[in-house]
Amino acid sequence: KTLYVADTDNHRIRSVDIATGQVRFVAGSGQAGFVNNVGSRARFSSPVALALSKGGRFLYVVDKGNHAIRQLDLQTKRVTTLVGKGRPGYREGAFRVAFLSFPEYIAVGPDANLYVSDVGSQRIRVLDLRRKTTRLLAGSGAKGSKNGVGRFATFFNPKGLAFIGNDLN
């Protein structure tokens, strides 16, 4: 059994063998940057959260400093960018054109999509891995504490996400 760790200020992803406590580098050079590559040749900027794909092959990395969601193939150690441009913004649509703003938390839903708290835009976003698109789940973009549907709700720095069964909590 393995525990994966986003080692934020070391700009790396590490693993811990639960049985032995052995810690190893998985990806990231240790220097901040925005580089897709393999293992230590990849660069992150303040990775803060992780989620494991349903099949366990991919680790999804919230690369907060790059305003991006990255994918780490645990078999090949290849890091690729799913969504994000290295600068903050807000735009829904195809992964290649969408922007994020200080994403912080991620969860894999029962539908295998990724759910992200996009703190800089005060929104909860859905990343559809099959269609390679983003969409708004909730949040108007304004800071507040208003309940409502979709863009009519407001958040003030939405953080942790977790599914309990089929519910996002």
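Keep in mind that the numbers below use all heavy atoms, side chains included, and drop hydrogens, waters and symmetry copies.
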If you compare all heavy atoms of S15 against all heavy atoms of T2, which two are closest, and at what distance to 0.1 Å? CB-CG2, 3.7 Å
So that I can tick it off, tell me whether R135 and D128 are bridged by a salt bridge, with the cut-off set at under 4.0 angstrom between side-chain N and carboxylate O. no
May I ask you to check whether over 12 heavy atoms, not counting those of K54, lie within 6.0 Å of atom NZ?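 Enclosed: over 12 neighbouring heavy atoms sit under 6.0 Å from NZ of K54.
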Measuring only between side-chain heavy atoms, which start at C-beta, is Q31 closer than 4.5 Å to H11?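 Contact flag for Q31/H11 side chains = no.
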Answer yes or no: is there a donor N or O on one side and an acceptor on the other, between the side chain of S46 and the main chain of G65, under 3.5 Å? no
For D7 and R12, what are the C-alpha separation, side-chain angles and deciding distance, and is it a salt bridge (charged side-chain N to carboxylate O under 4.0 Å, His left out)? CA-CA 5 Å; D7 193 358; R12 289 183 163 158; over 6 Å; no
For the hydrophobic clusters of this structure (ILVMFWY residues joined by side-chain heavy atoms under 4.5 Å, transitively), does one cluster hold both V119 and V62? no
To the nearest 0.5 Å, how far apart are CZ in R43 and CG in N36? 13.0 Å
Can you measure from OG1 (T133) to CG (N113) and round to the nearest 0.5 angstrom? 8.0 Å
Do the non-hydrogen side-chain atoms of Y60 and V108 ever get within less than 4.5 Å of each other?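 Yes, side chains in contact.
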Heavy atoms only: give me the nearest A27-L72 pair and the separation to one decimal.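 The answer is CB-CD1, 4.0 Å.
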Which pair of heavy atoms, one from P47 and one from T8, lies closest together, and at what distance?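 Taking P47 first and T8 second, the nearest heavy atoms are O-OG1, 2.7 Å.
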When you measure from the side chain of Q71 to the backbone N and O of T80, does any donor-acceptor pair fall under 3.5 Å?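 Looks like no, no N/O pair under 3.5 Å.
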Partner of D118 under side-chain contact (heavy atoms from CB on, under 4.5 Å), picked from P88, P158, S101, is S101
Would I124 and V116 satisfy side chain to side chain contact (heavy atoms under 4.5 Å, CB included), going step by step from the backbone distance to the final call? CA-CA 6 Å; I124 306 300; V116 176; over 6 Å; no
Could you tell me whether a side-chain N or O of T154 sits under 3.5 Å from a main-chain N or O of A142, the two making a donor and an acceptor?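 Not a single qualifying donor-acceptor pair exists.
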Mind running side chain to side chain contact (heavy atoms under 4.5 Å, CB included) on L114 and L82 for me, showing each step along the way? CA-CA 11 Å; L114 302 178; L82 294 179; 4.1 Å; yes
For the side chain of S121 and the backbone of Y90, is there at least one donor-acceptor N/O pair under 3.5 Å apart?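 No, the answer is negative, given that no donor and acceptor are paired below the 3.5 Å cut-off.
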Does R123 count as lying over the ring of F155, i.e. NZ or CZ under 6.0 Å from the six-ring centre, within 45 degrees of the axis?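 The answer is no, since R123 fails at least one limit relative to F155.
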Passes ring-ring contact (aromatic ring centres under 6.0 Å, His included), F34 versus F44? Steps please. CA-CA 6 Å; F34 195 18; F44 299 96; 9.3 Å; no
F58 with L50, same ILVMFWY side-chain cluster at under 4.5 Å: no
Ignoring hydrogens and geometry beyond distance, is a side-chain donor-acceptor pair present between S45 and N66 at under 3.5 Å?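 Checked: S45/N66 side chains show no N/O donor-acceptor pair below 3.5 Å.
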Under a 4.5 Å side-chain heavy-atom rule over Ile, Leu, Val, Met, Phe, Trp and Tyr, are L74 and F25 clustered together? no
Quick one: closest heavy-atom pair of E104 and V48, and the distance? O-CG2, 3.4 Å
Specify the closest pair of heavy atoms between F95 and K85, including all atoms of both residues, with the distance to one decimal.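 Looking at all heavy atoms of both residues, the shortest contact is O-NZ, 4.1 Å.
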Honestly curious: do L129 and L52 fall in one hydrophobic cluster under the side-chain, below-4.5 Å linking rule?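 No, separate clusters.
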Just how far is it from atom CG of L127 to atom NZ of K132, taken to the nearest 0.5 Å? 11.0 Å
Out of curiosity, does L161 fall in the hydrophobic cluster containing V126 (side-chain heavy atoms, cut-off under 4.5 Å, transitive links)? yes
When you measure from the side chain of Q122 to the backbone of N157, do you find a donor-acceptor pair of N or O atoms at a distance under 3.5 Å?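 Yes, because the side chain of Q122 sits within donor-acceptor range (under 3.5 Å) of the backbone of N157.
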Do V61 and I13 come close enough that some side-chain heavy atom pair is under 4.5 Å? yes
Could you check if a side-chain atom of E92 sits within less than 4.5 angstrom of a side-chain atom of L136, using non-hydrogen atoms only? yes
Looking at D63 and R70, does any basic side-chain N land under 4.0 Å from a carboxylate oxygen? yes
For R131, does the CZ atom sit with more than 12 other heavy atoms under 6.0 Å from it, leaving out its own atoms?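 Counting other residues, nucleotides and ligands, CZ of R131 stays at 12 neighbours or fewer.
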In Å, rounded to the nearest 0.5 Å, how long is the span from OG1 of T81 to CD1 of I69?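 If I round to the nearest 0.5 Å, the distance is 10.0 Å.
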One pair to check against ring-ring contact (aromatic ring centres under 6.0 Å, His included): F102 and H67. What are the steps and the verdict? CA-CA 5 Å; F102 296 102; H67 310 279; 4.4 Å; yes
L100 to R125 - nearest heavy-atom pair and separation: CD2-NH1, 3.3 Å
